Structures are given as C-alpha cells and as structure tokens.
Asker: 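I am attaching a structure below and will ask some questions about it afterwards.
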Amino acid sequence: MLLLDTQRDVLLQPLQIVSGIVEKRHTLPILSNVLISRQQQQLSILASDLEIQIRVFLAVPQPGDDFSITVSARKLLDIFRALNGNAAVSLESTDHQLQIRAQKSRFNLQMLPAEDFPITEISPDSGKHLQINQNVLKRLIGQVQYAMAQQDIRYYLNGMLLVIDPQQVTVVATDGHRLCLAAETLQTGLEHQEIILPRKTVNELVKLLTDDEQPVNITFYPGQVRFVVGKVELVSKVIDGKFPDYQRVIPTSHQNIMTVQRTLLQQALQRASILSNEKFRGVRLVLSRNELRILCNNNEQEEAQEELEVDYTGDALDIGFNVSYLLDVLNQASSETVRCHFSDANSSLLVTLPEDAHFRYVIMPMRI
C-alpha cells in the first residue's frame, strides 16, 4: 500500500526535530520509534519518552488514505540524511514493514503497531494561555540554563523554574552552588504561578526557538505544559517539587562593587584557568583599590596570575570561586560591562548587568 510520495527534504527536518528526545535504549521498545500519521491533508510526526512529547505537523497536498505507522526513529533519520537532497521518496507498507524507495535505493524497516504508541492527548480548550515572542523566551532561557543541576538527588533542581506574574515572566535555575535569574516585563494577564520544567524539556525548547519575533503559545495544565512553536507542538510533564526560595538567596546589601569590562575579565579568567586544578577549578580574586588580581594554581605547583584595572573602591578582598561558574555567566552575557557585588571572603558573589535590571547571578565562594 502506497502511503506517501514526497521529497527527502520535506521529512528530514521534522525527523531531526522529534528524534532529539528519543532515547537510544528504552524499556518500552516502541518508544524508540516515531509515530507517523496522516489525517486527510495533514501529516504528523511524533516522538515521546513518556515525559516529553514532540509533534510536527505538515500539510500534504496530494490525495491519499489516512494511516498511522511507527518505525525506528534513528534508522529512519539516518536513511533520510544519507539520501540526496532533491531525492523523490515514496513510503509503502508491506507485511508489517515500511518500504522506503528513493531513486535506486530501497530500505525495509520493521514496524510496530501504531495503536500501542503512547500519546499524550490534551484538550486545546482548557488550561491557562500565555503568548511570548520566540526571541524573548530564547534569550531568557539562554541566560539561565547553564545553572541547572545535572542528575542531582534533589530532583527539583534538575530543571528550570518558570514564574508567571501578571506583569512579568521570570526564569530561575540553580544547582545549589550558584543561582541565575532572568526576567522580562510582560503583560501576561495571568495570576502568579510557578512550574519547574525538566532539563530535557528546556534543552529541546531552546532548539525549537528562533531569534525572530514569531510567537510561542504556552498553555499550562495541571502537571503539564504545552508549547506551540510554528508547526511544532511540545508537551511536557512538569517536575512535582518545591523549588528553593530564590529571593532569599539573592543578596541585597553587598557594598563592595567592582565594575569591569566583560570581555577583559572573561579573557583573563580563561588564560588563568589553564593552570587551575582540573578537579576543583578554583580561582582566587584578590581585590584592592582599582585593581583585580586573578590567581590559579594546581597540584603540580604551577601558577597563573593576571592583573586587571577595574573600577573598585571597596574593601580589600581575597576570595575564591569555581572559575567555570564565573566563565559561564561571562560567556552568556551580552553586556559590555558587568558588576560584581561582594560582602566579605565568606559571602556569595552577586553579578549584575548594567544593561539588564532584572538579571541576577549568585555564586557561592569556595576555599582555596
């Protein structure tokens, strides 16, 4: 039975979009597959890992019968990647197999029953709706996502907090050693609510978002959230847990403030970190009037030192941090200058950006 006649490029991008969430090994074999369905003039390609579901919708102008099939996501994607860019492709089903024909190539893939594929269905008529520009959401996530925890036993840290207020959208991430907050003034029309997006959802969402002003439609449901980006729909479970009180973590009374050019500090830290301890990645910041010394050393008794002229008139300080945490914020920030707020050698560092009043980045000190 002929299922579809199309071009290689028509299906390649949707397959790339949905295949990102497919795990290489899964307890349910069918979750290694994609579900390809046709209803009248619309084709959908869907993948799921039970926590996240991504579906891409495509218009199919040529006539044909409705169908639903599931085949290996990785194998199908690899086949389409290997075909020529302008190749005409036909999909046919024969005896529980999908046959793919393209020019003089032919592939037979095993299919599993489409009715066994777990689909998360959500009613579009319920839930709370929010619309935000893609470039705004992408910038907010990019400002904080590096601070998410990875496989932390405190499962609620393995994700990003999304806070919706009537006039502001805030995103927060923390791994217990540093915390990052970014916000955007936005008339949401929604009452205050908080959800924790899983790390995998955040990473997949960033891949979908572009730098233009096209809208993202977000719908909040009990225990779930739905993002619609153009022809792509992402449905995700949310993490059921209590995120730390981030407002208490952000210092408000640090009096010693250093202002420095972002790129100069970034480059100096990158050079000094070459000789940092590979395991602990410690760096000492020694501050005196209008001067910053950056010191790194390792177990081989090697040492690097950098000196920078900075705008600083506070107390003399000698304080240690994880250099990777400092570089993360400097690599992501677009501001020409950064402000570093200190209290004493045992207190956290607060990094702010003069060009972004909402941004906050807090790093706990380390003993070196």
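Note that the structure is a prediction, hence the values are computed from the model and not measured.
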Asker: If you measure only the distance, is there a donor-acceptor pair under 3.5 Å linking the side chains of Asn217 and Gln131?
Answerer: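 Gln131 and Asn217 do have a side-chain donor-acceptor pair below 3.5 Å.
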Asker: Sort and list the pairs that fulfil side chain to side chain donor-acceptor pair (under 3.5 Å) and have at least one residue in residues 291-300, not counting sequence neighbours.
Answerer: Asn277-Asn299, Asn298-Glu302
Asker: Could you tell me whether the side chains of Gln305 and Glu307 share a donor-acceptor contact shorter than 3.5 Å?
Answerer: yes
Asker: Verify the neighbour count for atom CG of Asp240: are there more than 12 heavy atoms of other residues, nucleotides or ligands below 6.0 Å?
Answerer: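 Open.
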Asker: Determine the sole option in Val202, Thr201, Leu197, Asn203 for which the side chain to side chain contact (heavy atoms under 4.5 Å, CB included) test with Arg199 is passed.
Answerer: Asn203
Asker: Under the 3.5 angstrom rule, does the side chain of Arg154 hit a backbone N or O of Phe243 as a donor-acceptor pair?
Answerer: no
Asker: What closest approach, in Å, do Ile250 and Leu350 show between heavy atoms, and which atom pair accounts for it?
Answerer: CG2-CD1, 4.3 Å
Asker: Hey, could you give me each pair passing salt bridge (charged side-chain N to carboxylate O under 4.0 Å, His left out) that has a residue in residues 345-355? Not counting sequence neighbours.
Answerer: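 Salt bridge (charged side-chain N to carboxylate O under 4.0 Å, His left out) check on residues 345-355 returns no pairs.
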Asker: Is it true that Glu51 and Lys200 make a salt bridge, defined as a side-chain N closer than 4.0 Å to a carboxylate O?
Answerer: no
Asker: Once side chain to side chain donor-acceptor pair (under 3.5 Å) is applied, what residue pairs with a partner in residues 168-178 remain, sequence neighbours excluded?
Answerer: Gln168-Thr170, Asp175-Arg178, Arg178-Asp328, Arg178-Tyr361
Asker: Do Arg55 and Val18 touch side chain to side chain, with heavy atoms closer than 4.5 Å?
Answerer: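 No, their side chains stay 4.5 Å or more apart.
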Asker: Is the number of heavy atoms from other residues, nucleotides or ligands under 6.0 Å of Glu309 CD greater than 12?
Answerer: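 For Glu309, atom CD is not crowded (no more than 12 foreign heavy atoms under 6.0 Å).
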Asker: Is the shortest side-chain heavy-atom distance between Ile36 and Phe67 below 4.5 Å?
Answerer: yes
Asker: Verify the neighbour count for atom CG of Asp245: are there more than 12 heavy atoms of other residues, nucleotides or ligands below 6.0 Å?
Answerer: yes
Asker: Is a donor on one side and an acceptor on the other found under 3.5 Å between the side chain of Asn84 and the backbone of Ala87?
Answerer: no
Asker: Can you name the one residue among His341, Arg339, His358 that meets side-chain hydrogen bond (donor to acceptor under 3.5 Å, both in side chains) with Thr352?
Answerer: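 It is His341; the other options fail the test.
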Asker: Would the number of heavy atoms belonging to other residues, nucleotides or ligands and lying under 6.0 Å from CD of Gln39 be above 12?
Answerer: no
